Amino acid sequence: MSSSSNVGDIQREVARRRTFAIISHPDAGKTTLTEKLLLFGGAIQEAGAVKARRASRHATSDWLEIEKQRGISVSSSVMQFEYNGHIINLLDTPGHEDFSEDTYRVLTAVDAAVMVIDAAKGVEAQTIKLLEVCRLRNTPIITFVNKYDREVRGPLEILEVIEATLNIECAPVSWPIGMGKSFRGVFDLLTDRLLRFRAGEERRSDDEEVIAGLDNPRLQELFPDEVDTLREEVELLREASEPFDRELFLAGLQTPVFFGSGINNFGVQEVLHALIEWAPRPQSREATEREVHPDEGPLTGFVFKIQANMDPKHRDRIAFFRVCSGRYEPGMKLKHLRLGREMRIANAQTFMANARKASEEAYAGDILGIHNHGQLQIGDTLSEGEALSYRGIPYFAPELFCKARPLDPLKAKQLQKGLTELGEEGAIQVFTDGMGRKLLGAVGQLQFDIVAHRLKGEYNVDAQYEPAEIHTARWLSFPDQETRKQFLQRESAAVAEDVDGNPVYLAPSRYKLQITEERFPEVGFHTTREHGEVLAQG
Ligand code: G4P
């Protein structure tokens, strides 16, 4: 078993792993960058494969139809590949803001993030939100400013915008020369070399021209019009901008900034090298009981995402499990703390770019897909022996609500089953009011559309959805039974239960929330709750 496996082996395996997500506003170039990174890792053979994969998933999978219709990505996935002796785990995040909860959960499972910025558009709304989420956990961030093959904003302006809107110090590590039709390449500020740009390269060829030193006569010869500006800008940068500092980067306080063109595969390899050289190896994680080090022998980890019916023909349900310590081997028996029993994991999957395969071993930083029939929920911890529970995957108080009623009353049970399962999957939050009615809560409108679509496609329930007159929700905690009783007597019409039986106050307006909070100062009104958490009830 893994507890007896060699600690040196575990250390070595953990040290060569990097687990990260790419975050961006839709259309900034996340898919393109993902694809080029996979090309470097040999995980795919030609560009277009990621998009093609998406397209074929559309063809076979009904519920992703809606994704195709709206041209956005609502499902996130995991891709593992090897590069230069390292194991890279790349986690995809849905770019659309309506899925910010899902994105947040994915970001709890990574140790670093790559932020892609469209150099024409600058910092966009969704990037601001995602960066805030990264900051909650001080996730180190590498920035890639994309699309320099187009007419875009100048690099100085981009840096200013990033610093001002995202409130993070920028350390440029490369610098573009020209843009659009006159894009000549990027100058690597750390190694003092220019990498010359030639458009339309699928793979980086070895005969790429690299020109060492700013005073190299070859620069003058090749770029007589641009070389003076380049020298001035680099001089200015060296005086005025902060040098790259790995400690600040690891603390999430500074981001190294690369410039390039994803579609032309230019500047991408540098990002990959930065991930390997600068991004942290899998980090220690806080459990309620103690901090767990990734090199520890016994296997531990947590579920950060559930995806049901990835293939509707098989109705499978997969829990995405981030390994936090130890070594996975097929057939292990793990403790499932929430259910208080053991679970045998016989056939966990590893996700590759185009396929899944049975995992033979996994270490901290890796993501396993575990088939199950509902035993695993978001936030669940599995461990090899010790009673542990990892912290930090919250539900957010929804701000949009609707009531669901089946058009055919005989389908009430099906509706209930569908909502419960979709709720467990984290696609939507489900509350039950005092009359037994189901209320759906979401952070973004699109979540309702997906749920309606999936209830019809997967559970065969046509339902009617009516908006509910609710402004926001707060989870309630009570200091004692007496206060709880008083509160429920007075406010019962506005109290519902969440999936774990916790009481929730559904505020009809901001004003009503405020006066209720003032009337019951000793009651806790919480905007988030952790998965599996049971709140104090006196
Ligand atoms: P996303 O996943 O962040 O939503 O972005 P995605 O990679 O799909 O890229 C969005 C659009 O931007 C795509 O064009 C893509 O080709 C283009 N793009 C990405 N990187 C670059 C770049 O470095 N330079 C230029 N000029 N364009 C880039 P599209 O027209 O929407 O799709 P497609 O027809 O190219 O597939």
Side-chain angles (χ1 to χ4, degrees), residues 20-40 44 46-58 64 66-79 90-100 102-103 106-107 113-131 141-155 158 174 176-186 195-204 257-272 353 446:
F20 74 102
I22 304 185
I23 57 175
S24 77
H25 193 88
D27 266 354
K30 181 164 61 78
T31 310
T32 308
L33 183 68
T34 302
E35 199 157 82
K36 302 298 176 183
L37 291 172
L38 294 174
L39 274 172
F40 277 117
I44 54 172
E46 56 186 310
V50 174
K51 282 197 176 157
R53 184 182 62 114
R54 287 201 172 151
S56 76
R57 279 212 325 233
H58 292 144
L64 282 170
I66 200 157
E67 173 182 356
K68 187 175 71 178
Q69 285 165 9
R70 301 197 183 234
I72 53 164
S73 167
V74 297
S75 69
S76 39
S77 48
V78 174
M79 285 157 269
L90 195 171
L91 278 60
D92 195 9
T93 56
H96 197 282
E97 62 180 327
D98 283 7
F99 301 100
S100 43
D102 198 18
T103 302
V106 170
L107 289 174
V114 172
M115 169 167 77
V116 184
I117 287 180
D118 181 332
K121 298 194 177 138
V123 175
E124 297 171 87
Q126 186 60 3
T127 315
I128 297 175
K129 273 199 184 168
L130 289 168
L131 200 94
I141 291 155
I142 294 171
T143 302
F144 181 66
V145 186
N146 192 23
K147 306 197 184 179
Y148 264 84
D149 59 312
R150 282 196 190 159
E151 292 303 323
V152 290
R153 300 192 196 187
I158 292 281
S174 76
I177 304 163
M179 64 174 73
K181 286 203 173 59
S182 55
F183 181 45
R184 306 291 182 224
V186 292
L195 193 61
R196 193 176 164 196
F197 174 70
R198 289 192 196 89
E201 287 174 349
E202 176 93 316
R203 289 173 173 281
R204 282 275 291 273
V257 182
F258 293 86
F259 295 86
S261 166
I263 198 102
N264 289 294
N265 203 6
F266 199 80
V268 174
Q269 197 170 22
E270 286 67 19
V271 171
L272 192 51
L446 208 46

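Given the structure is predicted, the values throughout are model-derived calculations rather than measurements. Order of appearance sets the numbers: ligands from 1, and atoms from 1 within every ligand.
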Inset, instruction - Check each atom of ligand 1 against the heavy atoms of P26 and keep those under 4.0 Å away; list them by number with element. - result: 4 (O)
Inset, instruction - Using modelled atom types only, decide if a donor and an acceptor are shared between the side chain of N146 and the backbone of V116 within a distance under 3.5 Å. - result: no
Inset, instruction - Measure K147 to ligand 1 on non-hydrogen atoms and call it side chain, backbone, both or neither using the 4.0 Å cut-off. - result: both
Legend entry - Parallel, tilted or perpendicular, as decided by the 30° and 60° cut-offs, for the rings of F266 and F183: perpendicular
Legend entry - Proximity flag N264 to ligand 1, non-hydrogen atoms under 4.0 Å: no
Legend entry - side-chain contact (heavy atoms from CB on, under 4.5 Å) partner of P176, the single match among F197, Y148, F258: Y148
Legend entry - Distance filter under 4.0 Å to S261 heavy atoms, resulting ligand 1 atoms: 22 (C), 23 (O), 24 (N)
Legend entry - For ligand 1, the portion of N146 having any non-hydrogen atom under 4.0 Å away: side chain
Legend entry - Minimum non-hydrogen distance to atom 1 (P) of ligand 1, winning option of T34, T32, D27, L33: D27
Legend entry - Distance, nearest 0.5 Å, that separates CD of E35 from CG of N265: 10.0 Å
Legend entry - Polar contact flag for G260 and ligand 1 (N/O pairs, less than 3.5 Å): no
Legend entry - Nearest-0.5 Å distance that lies between atom CG in D149 and atom NZ in K181: 10.5 Å
Inset, instruction - Hey, could you give me the CG/NZ distance between D27 and K121, rounded to the nearest 0.5 Å? - result: 5.5 Å
Inset, instruction - For S24, take its heavy atoms, then give the atoms of ligand 1 lying under 4.0 Å from any of them. - result: 3 (O)
Legend entry - R196 CZ to R184 CZ distance, which is reported to the nearest 0.5 Å: 9.0 Å
Legend entry - Between CD1 on residue I142 and CD on residue E270, distance to nearest 0.5 Å: 12.0 Å
Inset, instruction - Provide the number and element of each atom of ligand 1 under 4.0 Å from a heavy atom of K30. - result: 1 (P), 2 (O), 3 (O), 5 (O), 7 (O)
Legend entry - Per-residue contact class, A28 against ligand 1 - non-hydrogen pairs under 4.0 Å: backbone
Inset, instruction - Just let me know how I263 lines up against ligand 1, side chain, backbone, both or neither, with a heavy-atom cut-off below 4.0 Å. - result: both
Inset, instruction - Could you tell me which atoms of ligand 1, counted from 1 in the order shown, lie closer than 4.0 angstrom to a heavy atom of G262? - result: 23 (O)
